Structures are given as structure tokens and as C-alpha cells.
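Here the structure is a predicted model, which is why all the values come from computation and not from measurement.
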Amino acid sequence: MPRRIAFHSMAVALLSTVLLAGCAATRESVRPVSIQSPALPATPDVAWPQTFAAVQAAWLFEDQKAFADAVPRSDPRMIEAEYARTHGESGFDIRRFVERHFVLPAPVTATRVESHDTLRAHIDALWPLLTRTTPSPAPHDSLLPLTQPYVVPGGRFREIYYWDSYFTMRGLVESGEHARSRAMLENFAALIDTWGRVPNGNRSYYLSRSQPPFFSHMVMLEARDDPALPVRYLPQLRREHAFWMDGVDALAPGQAQRRVVRLADGSVLNRYWDDRDAPRPESFVQDRETAAAGTRPYPQVWRELRAGAESGWDYSSRWLDDPMRLDSIRVTAIAPVDLNSLLHHLETTIASACAQAGDARCASDFRAMADARRKAIHGHLWHPDGYYADYDIERRAPRPGITAAALFPLHAGIATEARAQSTARHVAAQLLAPGGLLTTPIDSGQQWDAPNVWAPLQWIAVDGLRRSGGNALAETIAARFVANAGTLFAREGKLVEKYDGDGALQGGGGGEYPLQDGFGWSNGVVLSLFALYPALEREVDRTTRAARGTAQAVSATRRAVRHTTTPHPSGCGVVGTRCGFTSRGSRSAHD
């Protein structure tokens, strides 16, 4: 692989958007206009490129995100100049250079919570520990300011994340943390106001992409207690829609622009994208190695990896031509069923809010968009084997293989009864596992593949199946996932980012970083499932009490052995024929 790579500057032209003031029922209410937005801040790999590339290549930190989150102690241009002047000198120590010129993030540690007898009490105690406030980040920090407090996922994820936060907000509401949930919504509205989109997270290096668009779901979650909220957030809802649809008016059949695609029959669907085609700063070396492993131009592979990060499924055989080769990734050639289901919800939410505001023309326009998208989903995102599937834009056919994303049309309420039942049968046959619903049936080593089960997909499945009459399967998925999360909590006193679904009842594996605990969306989904199925909460509490009782008994035995054994000449206590008391212990979630 070449030692030097081309760094590609971030696109700084932001989007056209829509006139937001007023609710008068006129064509002006949906006409796009230009809104001035601030210039995008330089990302670490652009602001100090030589230093950044050298530090990441040296693997000074286990996690490449650590240096992406480091804060320069002085003007990055001066640091770059000093690095250029000194790095070739005898005795140059790159680690000392970094420590002298950068403030490094605190090491990732487990989120410590005092012991609680119930999982609900543990989660309630976690929310304050996962809450951050960064109204004024330090100069040159990659953090983007947010005026309201926000809840982070946990572990290495020190900032807000877009689609994670919807599921976290569900948990906050179930915990009675309504102020924290509303503050989260305010932050996302502010991000849209400032940047014209919700970025992947509030970091400069996340601004070139978004994530699965759950803002309309956040609004409707909060609107359960305040029915006026959809109208209040109508400007931001419409501006997010403009972001995802940017360029659609100029597209001829068979063309794509950024995140929008017009198919040969004129149907419009969306895809994931990223405005940059350089290695991700937070996975810099991994992306360079992935591109070097294949035969395509490096920038093309980097764009695909970034688009995969926008999908939230980073990474999965869902996006790969060869499920065992990450360099075969083709995200931008795929119209995903989950993304288009979410955008249908966005369009119907806007239509309803416009009607509530008295803007009949806007309501009519967005109802028409939602209806056209529903028809496109049914026309193109249905596999002939009998389930919803992604659409391969280039090959003009549904992608092979079922994934948990097949349940998003059920969650969106747009699946026909027959198709919902058929999809549920395939899901039960191919994705249902002892520990919950698998992401895909393929064990590729990628974290969004088997055997992992992820909290957000459990909620989408359970909610979607319940909406479409699949109550028995919904309850089975919920019971298996809650038992999985509850058993690990009883054993280790924590919730984690993902779980192993194969029956081991432990944390999941794969991916670019170690398993993280905390964990925002797992907390939220567990509490949401408790609300639907109270018996599951009682069973988890029983499991926890039993595990704690066993642990206390073992501890008491150990203390008794220490106090009653007779010293042995070798220095070991005599307990039968064994030298001292040993315990194999339970398998770690990181094994």
C-alpha cells in the first residue's frame, strides 16, 4: 500500500432547504430556497494531516478514535510545522510529541454504578452518568457544541449519536426522565438548524454524513405528551427531508445524486452516502488497509465505508458482494428498505403536521410523496421469495438474503397483511435465535451479522410485528432478548452495546473496537420491552436475585475456607486434595 494517500477536502456547500416561516396554504410553503449555513469545520485529518496520519499509522492507541478525539493545545498549523521540522531528527519520539501537543481523551473505562437489585434501578442510575454537557468545546476540539445536556451511548462513544438516541429517549421516557428526553430533541433540532442535517454524531468528522433518520420518530415520541410538537418542529422536519432529497428534481430515470435515486420507471428511493471519500478519522488505518486489500480505487472504497457508517450497520454482509471481504462493500449501489421506511414516516409526519398547522397544500404534497414512496417500496423492495429486502440499483433486482431490516415496513405501518405474514415467517425461520433476533443469518465476522443481536433491531421487530398481527413472534423475540440482557446483567452488573444471540448469553463480538458497556440503546429497549411485557421484568428480577444469592454464597464459602484451612507445608491451604479454593468463574462478555 502506498505510504502516502490523497486527502480529499470536505464538501462545504450545504443544502437548499425550504421556506420555513408561516403556515399559509400557498405554494411558497414548499418552494426550496437557499439558507446561509456556517462553513464546515476542518476535521482532524484535514487540520493537521501529516501529524494525524503518522500518529494513526503508529497505532499509539488501541482505538483509532482516541486520537481523532484529541484536542490540540495550540494552533494546529504550528503543531504541523513543528512535526514537519522535527519528525526526521534522531531520537524523535512520536508518543512524547503527541502528549506535549494534544490533550488526549480519558481512557475508556466501565461505567461504574453502585449495585442495584433490579435492572430497572440500574438503568435509572445510569442516566446521570451517561449525561454530558458541551455548550462551548475547547478551541480546535472536534466536538460540536450542544446547548442542552445529552445522553451518550457509553464507553468510547463520548458524544451524541443520531439513531442511537431515539432508543435512548424511549428509555428516558420510561424512566420518567422527561426533561432529559426533551433536551435530546432540542439538541437534534438545533443540529438541523445549524448544519442542515443531523450528523452521525456531534463531531466535526461526522458532519459529512448522517444516520438512519429517526428525528420524526423522536418528535412523535415526545408528542404523546404534547400534541402541538409536530407543528413546533415542522421547520426542522422539512429541512431534514430536504437534506435527504437534495438533487431529486434534476434526476432523470436511472440517475442518482448524493442520497437520492430515480429508478428506470421514475420511482424515487433513497440510499446512504457520505460527502467525503477519504478514510474515516476514527478508523483511519483500518480504512486504508481495507482499500489496499481490494482492486478498486481507494477513494471509491472509502466512500462506501463511510456510507456504511451512515447506515448504522457498520459493517454487515448486507452491503458486501463477498460476505467475507469488507473491500467488496457496495452501499451506495443499494436502496435500503430501512432507510426508505423511515423516510416514509418522515413524509407522513410532515403531512400530518402541515394539516395540523392549516397548510393544506403542504399536507397534500407530502401525502403524495409518502404514497409514492410506499408504492416504490412495494414495487422494488420486495423479494420474490416472500420478504422485504434491499434493492440493488445497478443490478435492478432485490438483494439476496433476508436481514432484520425486512421488518422496517411493518414498523412503518406500510406492509400489507399478506406481506407482513410472509416476512414474519421468513424472519422466524432464518433470524430467530436463542438470544433474540439476529441481524443476518451470515456469520462473517462483521458486527452487524450473526451471531450478534442488537437492541434497536429487537424494538423495530417487536413493534412492527405487533402492528401487523404477529404478536406471538413479537413476544418470543422480546422474551429471548430480555433474558439475554438480563442474564448478563445478573452475572456482570452491566448492559452492553450488542449481545451474542447463539445462546451463550454474553456480549457480542466483531467490529473495529472492543465491546462497549453503558449502554444507551440497550437501556432504552429493555425498558420499552418491560413496558410491553411486565412479566419479563419480573423474571429478570428473579434471575438477578438468584445470581446475587449464588455469588454471596460463593463469597461466604471463600471466606470460610480462608479462615478454617490448616496451613500446608507448601503454603497452600488443604481443602480435600486441592491446593486452596479456586473458581472457574463465568465467561467474560469480552471473551
Side-chain angles (χ1 to χ4, degrees), residues 15 17-23 25 29-30 32 162-163 165-170 173 181-182 184-193 196-198 210-246 248 259-260 268-270 312 336-377 407-415 456 459-460 463-464 466-468 528:
L15 312 173
T17 188
V18 294
L19 183 62
L20 304 175
C23 297
S29 65
V30 294
Y162 185 5
W163 80 307
S165 295
Y166 168 67
F167 303 96
T168 297
M169 288 169 64
R170 293 196 62 88
V173 169
S181 181
R182 183 62 64 87
M184 296 279 278
L185 181 60
E186 284 290 322
N187 279 324
F188 286 111
L191 287 168
I192 294 172
D193 287 340
R197 85 288 302 271
V198 178
S210 186
Q211 270 195 331
F214 273 92
F215 183 70
S216 59
H217 283 280
M218 295 175 182
V219 170
M220 297 311 295
L221 175 68
E222 288 294 311
R224 295 187 302 183
D225 294 327
D226 186 351
L229 275 186
V231 174
R232 175 180 170 186
Y233 289 105
L234 184 54
Q236 291 83 13
L237 289 163
R238 291 179 58 177
R239 195 170 186 194
E240 176 165 61
H241 188 264
F243 165 75
W244 286 97
M245 301 304 293
D246 180 54
V248 64
R259 292 165 176 83
V260 66
V268 173
L269 290 170
N270 286 80
V337 65
D338 48 357
L339 172 60
N340 284 282
S341 298
L342 290 168
L343 288 172
H344 179 273
H345 185 272
L346 174 59
E347 288 162 348
T348 58
T349 301
I350 294 172
S352 177
C354 286
Q356 187 178 355
D359 190 340
R361 180 63 64 85
C362 169
S364 175
D365 286 345
F366 276 93
R367 278 196 298 268
M369 287 184 230
D371 187 55
R373 190 180 297 275
R374 178 184 58 80
K375 291 176 181 176
I377 289 172
L407 292 162
F408 271 79
L410 282 65
H411 176 255
I414 56 177
W459 175 256
I460 295 298
D463 182 73
R466 286 167 60 92
R467 288 173 183 270
S468 55
S528 294

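Put simply, OG on S352 and CD on Q356 are 6.0 Å apart, with the number rounded to the nearest 0.5 Å. Residue D359 holds its CG atom at 8.0 Å from CG of L234, rounded to the nearest 0.5 Å. With rounding to the nearest 0.5 angstrom, the CD atom of E347 is 9.0 Å from the CG atom of N340. Atom CG of L237 sits about 7.0 Å away from atom CD1 of I192, to the nearest 0.5 Å. Between the CE atom of M218 and the CZ atom of F167 there is a distance of 9.0 Å, given to the nearest 0.5 Å. In this structure, CH2 in W244 is found 10.0 Å from CG in L346, a value given to the nearest 0.5 Å.
Looking only at side-chain heavy atoms (C-beta outward), L342 and W163 stay at 4.5 Å or farther from each other. In this structure, Q236 and V219 have side chains that are not in contact, with every pair of non-hydrogen atoms separated by 4.5 Å or more. Taking 4.5 Å as the limit, every side-chain heavy atom of H411 sits out of range of all side-chain heavy atoms of H345. Taking the side chain as every heavy atom from C-beta outward, D246 and V260 never approach each other to under 4.5 Å. Residues N270 and R373 meet the side-chain proximity criterion, which asks for heavy atoms closer than 4.5 Å. For the pair D226/R182, a side-chain contact is recorded, criterion being any heavy-atom separation below 4.5 Å from C-beta on.
Judged purely by atom type and a 3.5 angstrom limit, T348 uses its side chain to pair as donor or acceptor with the backbone of H344.
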Full working for side-chain contact (heavy atoms from CB on, under 4.5 Å) between M369 and V268: CA-CA 9 Å; M369 287 184 230; V268 173; over 6 Å; no
Given side-chain contact (heavy atoms from CB on, under 4.5 Å), test L339 with R259 step by step and report yes or no. CA-CA 10 Å; L339 172 60; R259 292 165 176 83; over 6 Å; no
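Under the 4.0 Å criterion applied to side-chain N and carboxylate O atoms, D463 and R467 are assigned as salt-bridge partners. Ion pair R374/D371 flagged as a salt bridge, since at least one NZ, NE, NH1 or NH2 atom sits closer than 4.0 Å to an Asp/Glu carboxylate oxygen.
Below 30°, between 30° and 60°, or above 60°: for H217 and Y166 the angle between ring planes is between 30° and 60°, a tilted geometry.
Listed here is the closest heavy atom pair of A189 and Y233: CB-CE2, 3.6 Å. Between S528 and R170 the shortest heavy-atom distance is OG-NE, 3.2 Å. Taking every heavy atom of both residues into account, Q211 and G312 meet most closely at NE2-CA, 4.3 Å. When every heavy atom of A353 is checked against every heavy atom of P230, the shortest pair comes out as CB-O, 3.6 Å.
For the residue pair S210 and R197, no side-chain donor N or O sits within less than 3.5 Å of a side-chain acceptor on the partner.
Applying the side chain to side chain contact (heavy atoms under 4.5 Å, CB included) test between F408 and each of P336, S341, P212 identifies S341 as the sole match.
Between F214 and Y162, the gap from one ring centroid to the other reaches at least 6.0 Å.
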